[in-house]
Amino acid sequence: MPSDAERSTQHAFTSGGAARVLAGACRRAGLDSDGARLIRLGENALFRLAAHPVVVRIARSREYLDAVQGEVRVSRWLSRTGFPVTRVVDDLEQPVVVDGHPVTFWHVIEEGPRKPTYGELGAVLRDLHSLTVPDTLALPPYPALGRTDRRIAAAGIPEDDRAFLRKRAGELRERVAGLRFESRKCAVHGDAHVQNLMVDRGGRVTLIDLERFSFDHPEWDLMVTATEHHSLGWQTKEQYGAFVGAYGRDLRGWPGFPVLRALQEFKMTTWLMQNVAESAETAAEYARRISSLRNEDEPRDWSPG
């Protein structure tokens with residue numbers, strides 16, 4: 001469980017606090033942060049600089065440093081292989097730590113007019129899972145519940161929600177420990193949803209967000225889209241069919257899928273609850289999700305985001 005100091009750091013990670021870290025990091029890197037635009041606030045804060053073709057990525061606390069360092073190493077490895085992946089700015093120190101927050105700098109991907117497709121996601125994962133990981137790249141196993149304990153302790157949620165989530169986390173750990181995988185281990189992205197692909201102006205599809213990159217079973221990547229389709233209906237039958245066709249497997253046919261589906265729903269809820277104080281919309285969406293977790297038969301009318 002996080003200490004009071006760690007909990008304080010977690011609570012301080014707001015868009016305003018991240019902007020102050022951004023200014024300090026850019027000063028150290030010799031970059032101009034004036035006019036930077038917040039792209040996303042989630043597990044990290046992402047800012048696009050106005051004065052440079054650079055995206056700055058700020059992690060929540062120093063405890064994320066190992067993951068951030070791994071993200072940089074993975075990007076450099078995949079870039080060397082020619083795999084379509086987001087790239088760090090090589091002539092800057094990577095990462096830097098500012099006020100306890102690991103910060104990295106990435107080349108901007110200029111988005112084209114279209115969004116990535118689920119068929120493209122399936123193809124990218126198929127190609128990723130077929131790569132041979134070099135012995136020099138030490139990748140961790142997939143963290144099934146990741147940072148959920150820390151999120152639960154730090155979030156500004158009702159205490160009965162906190163107690164429920166802690167109990168559910170324990171149940172999920174037991175269920176995950178009982179899974180029996182038959183697939184070989186491989187390079188795993190760890191957060192393989194279609195929003196972690198970008199299509200540039202030349203039509204090139206690029207994989208982004210590498211902080212959960214692992215060496216583990218491919219099911220951990222397939223569970224994301226399978227859950228979004230099965231539980232949430234976020235894809236049409238045709239979109240999910242394109243994903244399965246490109247990858248070559250429908251995870252819903254695996255006996256362990258119900259466990260991974262429950263885990264993914266839990267992770268999606270605890271990820272969102274980190275930002276319940278940011279907006280009324282986020283708080284309302286968290287309320288929908290936690291209500292669904294409490295009642296398996298309740299429709300999952302969740303909004304993406």
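In this text the structure is predicted, and so the values were computed from the model without any measurement. Side chains are part of it too, since the values below use all heavy atoms of this structure and drop only hydrogens, waters and symmetry mates.
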Does the side-chain contact (heavy atoms from CB on, under 4.5 Å) test come out yes or no for F105 and V96, once each step is laid out? CA-CA 9 Å; F105 304 88; V96 298; 4.1 Å; yes
I'd like to know if the side chain of W302 pairs up with that of S292 as donor and acceptor (distance under 3.5 Å, no hydrogens or angles considered). yes
Under 4.0 Å between a Lys/Arg side-chain N and an Asp/Glu carboxylate O for R57 and D209? yes
So, for H229 and F243, is the gap between ring centers shorter than 6.0 Å? no
Quick one: do F181 and Y142 end up in the same hydrophobic cluster if we chain Ile, Leu, Val, Met, Phe, Trp and Tyr together by side-chain heavy atoms under 4.5 Å apart? yes
Inspect the surroundings of CD in E296 and state if more than 12 heavy atoms from other residues, nucleotides or ligands are less than 6.0 Å away. yes
Does the side chain of D32 pick up a donor-acceptor pair with the side chain of H52 at under 3.5 Å? no
Taking atom types as modelled and ignoring hydrogens, do the side chains of E265 and S231 form a donor-acceptor contact shorter than 3.5 angstrom? yes
Taking R175 first and then E171, would you say they form a salt bridge - that is, a charged N and a carboxylate O separated by under 4.0 Å? no
Ion pair check, R150 and E63, cut-off under 4.0 Å: yes
Among side-chain atoms of Y286 and D161, is any donor-acceptor pair under 3.5 angstrom? yes
Aromatic Y64 / basic R147 pairing, under 6.0 angstrom, 45° off normal: yes
Can a donor-acceptor pair be found, under 3.5 Å and without considering hydrogens, that links the side chain of H193 to the backbone of Q195? yes
Cation over ring, R294 on F164, under 6.0 Å and within 45°? yes
If the test is side chain to side chain contact (heavy atoms under 4.5 Å, CB included), which one of V56, L92, V72 qualifies with T104? V72
Presence of salt bridge, E298 and R288, under 4.0 angstrom: no
May I ask you to say whether D216 pairs ionically with R184, meaning some side-chain N is under 4.0 Å from a carboxylate O? no
Using modelled atom types only, decide if a donor and an acceptor are shared between the side chain of R87 and the backbone of S75 within a distance under 3.5 Å. no
